[in-house]
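These numbers were taken from a predicted model, which means no experiment stands behind them. Note that ligands are numbered from 1 as they come in the structure, with each ligand's atoms numbered from 1 the same way. For the numbers below, each heavy atom of this structure counts, side chains included, while hydrogens, waters and symmetry mates do not.
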Amino acid sequence: MADEPDLIPGIYIYCDRWCDRCAFTSRCLQFRIEAEERDSGDALPDFDALNVQFWHEMGEALLKTVRLIREIAIQEGIDPDDLQHEPASSEPSESLLRDAREHPCAHAALLYVGMVNDWFPVVDEGSDAEEESSPTHASRSLEEPMQVIRYYQYFIYPKIVRAVEGRLSQQVSVHAQSDTDACGTAKVALIAIDRSLAAWSLMYEEFPLHQDRIISILLHLDRLRRAVEVIFPEARAFIRPGLDG
Ligand code: SF4
């Protein structure tokens with residue numbers, strides 16, 4: 001099966017393992033093997049095309065999110081240009097000496113998990129009142145952005161820990177391979193953060209009564225994104241097999 005020409009070698013190494021939302025199920029060996037194990041049939045090209053459209057829309061939402069974060073920064077009295085610079089506490093020279101789980105980015109990713117867990121019950125409690133007060137509420141499907149938030153909520157932390165571990169081991173062993181893997185893993189974490197940001201910006205529009213909490217989450221995630229970019233400046237340029245053209 002691995003020799004089939006349509007399959008993309010290694011596409012599953014730096015993907016997010018969200019096969020239900022993947023646009024490459026028909027070209028992924030990992031998916032084929034798991035589908036056979038589940039006896040649930042083969043990949044579905046139509047399903048892949050739908051997912052291409054889904055991620056295209058999320059990509060457009062991300063562009064709006066960047067503008068939204070800038071506007072929020074201005075409203076909050078933060079110089080938007082300061083958002084381009086990560087605090088010294090996340091500079092590699094200081095933080096790479098620590099265990100990966102103690103790294104500020106790992107802490108920030110864990111904090112984000114808690115922020116999401118805190119947010120949903122509060123919104124559930126207030127949803128009845130908000131439905132009455134918000135003309136925009138329920139006017140669009142929130143199911144998809146919620147799916148994105150929930151899927152990546154627990155995904156970002158382990159990816160960041162693994163990326164930092166790879167960078168740490170590269171520092172001591174000078175094996176280029178571990179650093180390459182660290183960059184690929186950091187890129188997957190960045191994509192998960194990007195998509196989560198886009199999803200939160202859609203939530204921001206739909207929950208006017210909870211915008212303050214969403215602003216905190218957006219700013220927190222945006223800081224985390226910039227910190228990861230500082231530590232792994234090569235990550236965005238990393239080419240993942242089949243996923244980055
Ligand atoms: S590349 Fe897509 S189909 Fe394959 S394992 Fe990753 S998410 Fe699943």
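For the atom pair Lys159 NZ and Arg162 CZ, the distance stands at 5.0 Å (nearest 0.5 Å). The CZ atom of Arg223 sits 11.0 Å away from atom CG of Leu218, with the distance rounded to the nearest 0.5 Å.
The six-membered or imidazole ring of Trp119 lies near that of Phe207, with a centre-to-centre distance under 6.0 Å. For an aromatic pair to be called close, the ring centres must be under 6.0 Å apart, and Tyr14 with Phe238 satisfies this.
Between Trp18 and Tyr151, the two ring planes are parallel [angle under 30°; tilted spans 30° to 60°].
Counting only distances under 2.8 Å, and ignoring water, the protein N, O or S atoms around atom 4 (Fe) of ligand 1 are Cys28 SG.
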Can you give me every donor-acceptor pair (side chain of residues 59-69, partner residue at least two apart or in another chain, under 3.5 Å) with its distance?
residue : atom : partner : partner atom : Å
Glu60   : OE2  : His56   : NE2          : 3.2
Thr65   : OG1  : Ala61   : O            : 2.6
Thr65   : OG1  : Ser201  : OG           : 2.9

